[in-house]
Structure formats: structure tokens, C-alpha cells
Amino acid sequence: MTALTQLPVTLEDVVQARHLLEGVIEETPVEQSRALGRMVGAEVFLKCENLQRAGSFKVRGAYVRMAKLTAEERARGVVAASAGNHAQGVAVAAARLGIKARIYMPLGVALPKLAATRGHGAEVVLHGHNVDEALAEAQRYAEESGAVFVHPFDNADIIAGQGTLGLEILEQIPNVDTVLMGVGGGGLLAGVATAVKAKARELGREIKVIGVQAENAAAYPPSLAADALVPLKKVSTMADGIAVGRPGQLPFAIIRELVDDVVTVSEDALARALIFLLERSKLVVEPAGAVGVAALMEGVIENPGTTAVILSGGNIDPMLMLKVIQRGLFASGRFMSVRMMLDDRPGSLAQISRIIAESDANVTRVDHTRIGGSISMGDVAITIDIETKGHEHCEQVLRNLRAEGFQPIVVH
């Protein structure tokens, strides 16, 4: 392993960053999750960075980066690009430091994130159809205007600022064995690993640091396997906060040396984790912030011991939350949509309603149509949304329908 002092960011950098952040950020609380602990057979604590200023950890790195600017650089202003959390972090830091900030956000960005970024005082310019296009325009503007470009993760000061989370976790959970968090470009994971691994070495003990990615946006596993940056051809995940197709150069250099593992979770696992956090912990967390919980629930972390999971953000668009909740309920077997063909005669629908009611399930919506290319004359197609109580209950409802001659097909 490379000596810790030879890495792009050191423990001393993180400690200095923490001094800069005094009085600027919140020391977010840690909550024990007994329900999650019972699932994995160990103590599990949630580091609630979703309650941080601007709703995520991003303000830590953004403030440290901008606080180190010279007077001349501050006068030129800063520019950044983001679909949400980094934008708000930069906007909050700029307002605190009295620096003019221009933020490029993609067209179609969630309205709550757009409003929040403007509410913190930043100038917002909508450009491009994704973050990469907004990022390119922000860099072009920086070169043209002289404004300082604030990168979301590929910068030593950004990484050091994010690393302050690791120091807080070690103070709040001194006996921690494993620290879990989401990873996109890698700034948070690199920073926390820098702090935790250095402190663990001072204490003469081992603490595992593990990153978690959405499986459809997982650039780190192939990059680590190749020992080189491997960009993804396509990124598709509900976890927009970690939807990064190429690791950052500086974070990668740290992560490959210090991080114990980077694992992946499915979209359904993410949805189930969000439902769990809402119901059992009463916490609103965005998908990118819930990946660590998803990894524990899916059992992909072996022998974690006392575990800290960083809930890295809570900025979720209500429309996305609605979709995620629906997907999470389906993935948990608590919602089912079935399609059936019936004879177009009085009483058929009533018979189905009776079977579902006697199965102790609840109908929430019925779509009834006689028109369609696959529908024969004298037939009718119905789609029924049903509230259920788990996967076994879903199977029981389907068995009861089939027992009376119907052929339900699960469509969602």
C-alpha cells in the first residue's frame, strides 16, 4: 500500500478542512437502526447527512474549495455544473463567502432543485440535456470569463472537505468496524477513506471502508479491475446523485489504494431501501444516499460488524419519490398490477372483485377496455392494481384467481 502521506490528500488536509468548516456546517446526527441491525446481525448506525445544510454533504467540499481562493480569484467569481446537490452546495458556500456564483444545470432539472439553488442566491443557467453537457458549458464559460471552475469531485480541496465526514463518524461511533457510502465520481469515498484509514492506523486497528454504486452506473468496479479509468458507455439509474460515467482522476488514485471494496446494488434494491428508511427510520433520503442501506439489506456486505452508513443526501424530487415508492412497494410485494382477458358479460368483474376481496387484498384501480389489437370480439381486457402484504400474499391472490378459471398476468 502506498504511504498515506504520498496520496493526493492526507489526514492533515482533512483536519485543516475541518477547521475551515467550523461554524459553517452542521455536525449531523447519528441514529441507530435496530431494524437494519437485526437484518445483518450487527449494530448499524445511520450518519444523517441528508440533514446537512443544503440537504447533502456537498457543501463541505464546496466551501473548503472556495474558502481557499485568493482575493483576486474570489473577485472573478465561481462557476459549476450540477443537476442538484453540488449546485446547492456551491450556492450556499458562495453566499457565505460573498462570491458570485454561476451554476449550469441541465434542461429539465427537477424544479425543487432549481428553486433551491436560485434561493441560495446563485445565478442559474439552464443548458444541455444532461450534466455532461452542462459541465462542458461551465468549463467553456470558465475559460472565457476567468471564473474559477469548482469541480464536483476531482479536486484535492473538495476531497478533503468531504473527508471531514469520516472524522465525525469516528468521534460519534468510536467502535465502528465498517463505513459504507455511495460513490459516483468518488470525492466522498476518497475523502472519508483518507480520514478513516489514517485514524485507524494511528489507533492500531482495522476499519473497512466500502463504496456502493448503482449497478447501471458502476464505473469503479471495472476501473479498479483494470487499474485505469474505464468510462461507461451508458449510465441509467434513479440515483442521479451518483450517476457518473467516469471516475475522477484524484479520487481514483486514493480509492484504489485505500478502499476495501466497491459493490453494486439494483434499482429495486434502491427502491426498497428508500421505503425502509421512510417507514422504519422516518427519514427522507434520495436514492444516491440510500445505496449503503440497500447493500446491507441485500446482504452484499459480509461480516460488517458495527457499521456506519452515510445517508449522503435528502434532495429528492417529489415526482421521483412517487415513482420510487411505487417501485419499492412492488419490489417488496406490497403492490401488484395484473392483466386478464374476460368474457364481456355482466358479472365477470364482480367475480374477480370477490376473489380479490376474499384473498384479503385491496383493489386500488381498474382499467377496463374492449378495444385493442389483441382483444377478440366478445372479450374485454382489464388491468387491476392491487395492494398486497408481501410476495407470499401476491402468490396466494394469483392462485385464487387461477383456481376459478382466470389467467392473470403480472404486468407491474
Side-chain angles (χ1 to χ4, degrees), residues 1-22 24-25 27-28 30 47 49 52 56-68 86 89 150-174 176-213 219-220 223-224 227 229 242 244 247-263 291-292 307-310 312:
M1 180 181 288
T2 302
L4 298 184
T5 55
Q6 296 176 4
L7 292 172
V9 179
T10 66
L11 176 60
E12 182 180 353
D13 296 325
V14 179
V15 171
Q16 290 177 353
R18 193 175 194 187
H19 290 317
L20 283 174
L21 289 168
E22 289 177 1
V24 175
I25 63 165
E27 182 173 306
T28 49
V30 164
K47 175 61 170 170
E49 197 67 1
Q52 184 56 263
S56 87
F57 71 96
K58 288 287 191 177
V59 67
R60 295 174 182 261
Y63 185 88
V64 172
R65 169 78 172 103
M66 293 159 63
K68 289 189 173 184
H86 182 58
V150 181
H151 199 284
F153 50 82
D154 207 358
N155 175 272
D157 292 328
I158 293 283
I159 294 170
Q162 321 304 27
T164 59
L165 255 171
L167 298 180
E168 288 184 21
I169 288 171
L170 292 177
E171 291 172 356
Q172 293 170 310
I173 318 167
V176 67
D177 296 306
T178 301
V179 182
L180 286 178
M181 73 213 75
V183 52
L188 175 64
L189 181 60
V192 171
T194 297
V196 169
K197 290 294 186 178
K199 281 291 188 180
R201 181 173 292 186
E202 289 180 0
L203 296 170
R205 55 186 295 249
E206 287 292 325
I207 301 175
K208 290 190 290 186
V209 178
I210 299 175
V212 187
Q213 294 199 291
Y220 264 93
S223 296
L224 291 169
D227 196 27
L229 302 184
I242 53 173
V244 179
Q249 186 72 55
L250 287 180
F252 180 76
I254 297 170
I255 288 168
R256 70 181 176 183
E257 296 295 335
L258 299 183
V259 171
D260 295 276
D261 199 3
V262 177
V263 300
V291 289
T307 304
V309 185
I310 297 176
S312 57

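- For the atom pair NZ of Lys68 and OH of Tyr63, the computed distance is 12.5 Å after rounding to the nearest 0.5 Å.
- In the displayed structure, Glu171 atom CD is contacted under 6.0 Å by more than 12 heavy atoms of other residues, nucleotides or ligands.
- Although no hydrogens or angles enter the test, the distance criterion places no donor-acceptor pair under 3.5 Å between the side chain of His86 and the main chain of Phe153.
- Counted by atom type alone, Gln16 and His19 present zero donor-acceptor pairs between their side chains at under 3.5 Å.
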Requested in this report: Could you go through the side-chain contact (heavy atoms from CB on, under 4.5 Å) check for Met181 and Leu165 one step at a time?
Outcome: CA-CA 11 Å; Met181 73 213 75; Leu165 255 171; over 6 Å; no

Requested in this report: Could you walk me through whether Leu167 and Leu11 pass the side-chain contact (heavy atoms from CB on, under 4.5 Å) test, one step at a time?
Outcome: CA-CA 10 Å; Leu167 298 180; Leu11 176 60; 4.0 Å; yes

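- Counting all heavy atoms, side chain and backbone alike, Ile254 lies closest to Pro8 at CG1-CD, 3.7 Å.
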**Report entry** Audit row: Thr178, Ile210, side-chain contact (heavy atoms from CB on, under 4.5 Å) steps and yes/no
**Finding:** CA-CA 7 Å; Thr178 301; Ile210 299 175; 4.1 Å; yes

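- Residue Leu170 comes nearest to Val176 through the heavy atom pair CD2-CG1, 3.8 Å, listed as atom of the first residue, atom of the second, then distance.
- Between Arg18 and Glu27 there is a salt bridge, since a side-chain N of the basic residue sits under 4.0 Å from a carboxylate O of the acidic one.
- Rounded to the nearest 0.5 angstrom, Ile159 CD1 and Thr10 OG1 are separated by 11.5 Å.
- Rounded to the nearest 0.5 Å, atoms CG (Leu20) and OG1 (Thr164) are 10.5 Å apart.
- Between the OG atom of Ser312 and the NZ atom of Lys58 there is a distance of 9.0 Å, given to the nearest 0.5 Å.
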Without placing hydrogens or testing angles, list every side-chain donor-acceptor pair under 3.5 Å for residues 182-199, not counting sequence neighbours.
| from | atom 1 | to | atom 2 | distance (Å) |
| --- | --- | --- | --- | --- |
| Thr194 | OG1 | Ala190 | O | 2.8 |
| Lys197 | NZ | Ile207 | O | 2.8 |
| Lys197 | NZ | Asp260 | OD2 | 2.8 |

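- The two residues Ala17 and Val64 have their closest heavy-atom pair at CB-CG2, 3.8 Å.
- Of all heavy-atom pairs spanning Ile169 and Ala308, the tightest one is CG2-CB, 3.8 Å.
- Side-chain contact between Ile25 and Glu168 is present, with heavy atoms from C-beta onward closer than 4.5 Å.
- With rounding to the nearest 0.5 Å, the separation of CD in Glu49 from OG1 in Thr28 is 4.0 Å.
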Requested in this report: Dump the intermediate steps for side-chain contact (heavy atoms from CB on, under 4.5 Å) on His151 and Ile158, then the final yes or no.
Outcome: CA-CA 8 Å; His151 199 284; Ile158 293 283; 5.7 Å; no

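- Taking 4.5 Å as the limit, every side-chain heavy atom of Ile173 sits out of range of all side-chain heavy atoms of Lys47.
- For the pair Gln213 (side chain) and Tyr220 (backbone), a donor-acceptor distance under 3.5 Å is present.
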